[in-house]
Amino acid sequence: MLYSTKMYNTGQDINISSERLLYHTMDGISASLDDLGIKIASQVVEATEAEHHGGLLSYCISPRPSLESAESKSHIPYKNILWVEPVTDDTGEVQNELEVTYAKASGKHSVKPTTLHVQISNYKPNITSTQELANYILSKAYKNHIIEPTVLVVINPHGGQGKAVKIYNSEVKPILRAAKAKITYQETNYHEHAVEIARDLDISKYDIIACCSGDGIPHEIINGFFQRPDKGVEAFNKVAISQLPCGSGNALSLSTHGSNDAALATVHMLKAMRTKLDLMAVTQGVGENATTKLSFLTQCYGIIADADIGTEHLRWLGPMRFDLGVAQRVLNRSKYPCELYVNFVTKSKQDISAHFETHHRRVSSSASNLESVSEEEDYVKLPTLTEENLQIKGPQLDESPPSSWVRIDDSIAKNINILYVGKMPYISNDVQFFPAALPNDGYMDMILTDTNTSVLETTSILMSLDKGLHVHNEKVHHAKILSYRLVPKLPGHNHYISVDGESFPFEPLQVEVLPGVLTGLLQGGNFVETCYSQ
Ligand SMILES: Nc1ncnc2c1ncn2[C@@H]1O[C@H](COP(=O)(O)OP(=O)(O)OP(=O)(O)O)[C@@H](O)[C@H]1O
């Protein structure tokens with residue numbers, strides 16, 4: 001999947017701090033612990049500042065505001081710490097020093113693991129050995145996260161125009177290794193191989209499936225779980241699914257880890273909070289031919305689906321093919337008539353803002369409560385899923401939609417140019433298409449535009465996608481919904497329906513939310529910031 005060409009940042013990963021540390025990494029420098037991390041003794045910093053005029057060591061990833069308050073120059077926040085263990089001498093005897101491995105800033109938007117030796121002066125009286133001290137720091141570094149997780153890496157070697165394996169080896173693996181994750185490596189050998197991998201997986205072996213790919217592999221893993229005899233109940237309960245951005249479309253990573261950089265996303269994944277995410281059940285066909293697949297990201301009909309999937313033959317053009325495809329269809333006033341039935345939740349854009357604020361505030365405050373709970377009551381317990389949660393409740397496609405569903409007026413439905421429904425805010429690096437999307441509010445966001453809007457206005461709407469401001473344009477229909485049915489009313493030739501960026505049959509489809517099915521890994525239990533949360 002591919003959306004938009006501009007390669008600047010979401011603004012989420014500029015949180016890498018420019019704070020600096022100045023010392024030789026193996027000196028066993030004096031340090032102390034504070035609430036936020038390891039504080040290097042000020043005299044060490046001063047002495048080494050005088051010594052060094054360049055080659056500074058900088059560090060720090062900062063997914064959430066808690067790091068912004070970290071002290072400058074002399075501080076390694078717990079959030080950056082990947083591993084801590086006692087230093088041993090040549091004979092294997094444990095020394096009074098710790099080896100700390102942490103994520104250090106590398107370039108503007110990335111990180112790499114770096115190691116240093118510290119001597120901590122202040123620690124709790126009940127800590128009686130260097131190993132206990134290391135364990136204590138690790139428990140702070142991985143508060144509400146799994147220490148040494150077992151990770152199944154599923155990698156699409158063709159992802160990211162063939163760069164996925166290289167990105168994994170150079171950026172992802174060093175971070176996973178530094179964090180002592182237990183890695184199982186599995187390449188996909190053909191389309192839908194990841195469905196089989198997830199369907200047949202021994203889930204008892206893994207904490208996380210890390211898809212080193214675009215959004216296609218997480219889509220397949222989720223659907224592989226759904227094909228298990230229990231519809232994936234046990235798998236969804238046990239294993240968190242995450243994406244490390246190695247593909248051309250990395251919406252899952254952008255929306256959850258806030259980064260298109262694979263190393264930074266890996267650190268964020270390791271430090272993220274297990275959080276329940278809603279999925280969407282997409283049904284096509286009737287009777288015995290009815291099939292339901294799960295969608296975690298989007299369904300799309302109209303200009304954007306055609307500009308993405310309908311321009312595959314222009315791959316040689318690179319990412320530009322998508323923008324050209326959209327521009328051509330906007331200028332041609334392309335329209336995509338359909339019948340559209342929607343089960344609305346919100347009636348106005350004010351309702352959406354109010355809903356977002358309430359839900360977002362609730363999640364943020366429960367996440368900060370979790371941060372402040374004692375070390376003993378450490379781990380987040382998620383609600384347990386049952387098969388009931390995966391039951392499809394909507395009518396068959398050959399039955400009438402329920403009377404509570406609104407049929408969209410023909411003045412709009414016959415003139416649609418973009419119908420886009422989503423569950424995650426970012427669909428590409430510079431496009432927050434669904435800025436009001438929430439991880440587990442039980443609703444989808446529907447966005448609709450039609451050709452009653454002028455070319456100029458449509459262009460201006462598309463130009464405001466980077467900041468998510470398009471949703472405030474009065475010509476853009478935006479609502480929180482529970483379910484919908486789309487019946488395309490144009491021939492399928494050269495037209496597409498895309499689900500999570502994958503091409504689906506060009507025929508009627510019905511979609512409903514399945515609340516809280518997927519176990520995902522989110523920073524503080526929320527999606528990254530959007531124009532709604534800022
Ligand atoms: N070994 C393989 N050979 C061919 N196709 C594969 C292979 N492994 C995975 N695929 C398919 O590649 C598609 C795209 O995967 P993914 O989203 O991970 O990558 P991407 O770089 O974002 O790709 P694209 O730009 O094609 O969307 C998926 O449909 C997946 O089934």
Side-chain angles (χ1 to χ4, degrees), residues 1-7 152-169 171-172 185-201 209-227 241-257 259-262 265-266 269 282 291 293-300 304-326 422-424 426-431 433 496-505:
M1 177 174 59
L2 179 70
Y3 296 107
S4 189
T5 60
K6 287 172 265 160
M7 294 309 285
L152 173 65
V153 168
V154 180
I155 185 159
N156 171 4
H158 296 279
Q161 295 170 319
K163 295 196 192 110
V165 174
K166 188 165 173 255
I167 296 173
Y168 171 76
N169 282 321
E171 297 186 42
V172 175
Y185 178 90
Q186 167 85 63
E187 287 188 9
T188 54
N189 299 325
Y190 43 87
H191 176 58
E192 302 220 316
H193 186 185
V195 175
E196 296 168 22
I197 293 169
R199 188 190 59 208
D200 304 333
L201 192 69
I209 298 181
C211 304
C212 293
S213 63
D215 295 307
I217 299 301
H219 172 84
E220 291 183 11
I221 295 286
I222 287 164
N223 280 286
F225 277 3
F226 193 48
Q227 285 185 15
I241 298 174
S242 186
Q243 181 200 32
L244 299 173
C246 298
S248 37
N250 301 309
L252 177 55
S253 177
L254 289 163
S255 297
T256 59
H257 306 315
S259 182
N260 215 6
D261 176 82
T266 308
M269 176 186 83
V282 180
T291 55
K293 291 198 174 163
L294 300 181
S295 160
F296 71 96
L297 184 61
T298 52
Q299 305 92 46
C300 188
I304 292 182
D306 282 9
D308 181 16
I309 296 174
T311 59
E312 285 282 344
H313 61 290
L314 298 176
R315 266 187 175 270
W316 55 271
L317 272 177
M320 191 205 300
R321 73 180 163 92
F322 177 74
D323 285 358
L324 284 177
V326 169
K423 250 324 309 180
M424 295 208 170
Y426 279 87
I427 59 157
S428 81
N429 224 8
D430 50 354
V431 178
F433 211 101
Y496 301 88
I497 288 175
S498 87
V499 174
D500 298 351
E502 303 287 306
S503 183
F504 268 46

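Counting starts at 1 for both ligands and their atoms, following the listed order. Positions are given from 1 along the sequence.
- No donor-acceptor pair closer than 3.5 Å links the side chain of S253 to the backbone N or O of L244.
- The heavy atom nearest to atom 17 (O) of ligand 1, considering only G216, P157, P218, is found in G216.
- A pairwise comparison of heavy atoms in S213 and P218 identifies OG-CD, 3.6 Å as the closest pair.
- Residue E192 has at least one heavy-atom neighbour below 4.0 Å for each of these atoms of ligand 1: 31 (O).
- Rounded to the nearest 0.5 angstrom, E502 CD and H191 NE2 are separated by 6.0 Å.
- In this structure, the side chains of I241 and F296 stay at 4.5 Å or more apart for every pair of heavy atoms.
- Below 4.0 Å from some heavy atom of S213 lie the following atoms of ligand 1, by number and element: 18 (O).
- The residue from N156, V154, I155 that puts a heavy atom closest to atom 19 (O) of ligand 1 is N156.
- Numbered from 1 in the order shown, with element, the atoms of ligand 1 that lie under 4.0 Å from a heavy atom of E220 read 28 (C), 29 (O), 30 (C), 31 (O).
- Heavy atoms of G501 come nearer than 4.0 angstrom to ligand 1 in no pair at all.
- When the heavy atoms of Q161, H158, E502 are ranked by distance to atom 4 (C) of ligand 1, first place goes to H158.
- Taking the side chain as every heavy atom from C-beta outward, I427 and T298 approach each other to under 4.5 Å.
- Every atom of ligand 1 with a heavy atom of G159 under 4.0 Å away is listed here by number and element: 19 (O), 21 (O).
- At a 4.0 Å cut-off, not a single heavy atom of H193 sits close enough to ligand 1 to count as contact.
- In this comparison of G160, C246, A251, the heavy atom closest to atom 21 (O) of ligand 1 sits on G160.
- Contacts of T188 with ligand 1, taken as heavy-atom pairs under 4.0 Å, involve both backbone and side chain.
- Judged purely by distance below 3.5 Å, without hydrogens or angles, the side chains of Y185 and E187 pair a donor atom with an acceptor atom.
- With a 4.0 Å heavy-atom cut-off, ligand 1 is reached by the backbone of D215 but not by any atom from C-beta on.
- At distances below 3.5 Å, at least one donor-acceptor pair connects side-chain atoms of N223 with backbone N or O atoms of H219.
- The structure places CD1 of I221 at 11.5 Å from CD of Q243, a figure rounded to the nearest 0.5 Å.
- If you number the atoms of ligand 1 from 1 as listed, the ones under 4.0 Å from a heavy atom of G247 come out as 21 (O), 22 (O).
- Of all heavy-atom pairs between S259 and L254, the closest is C-CD2, 3.9 Å.
- At a 4.0 Å heavy-atom cut-off, ligand 1 does not touch E187 at all.
- D215 places no side-chain N or O within donor-acceptor distance of the main-chain N or O of D500, the cut-off being under 3.5 Å.
- Set against the non-hydrogen atoms of G249, the atoms of ligand 1 under 4.0 Å away are 22 (O).
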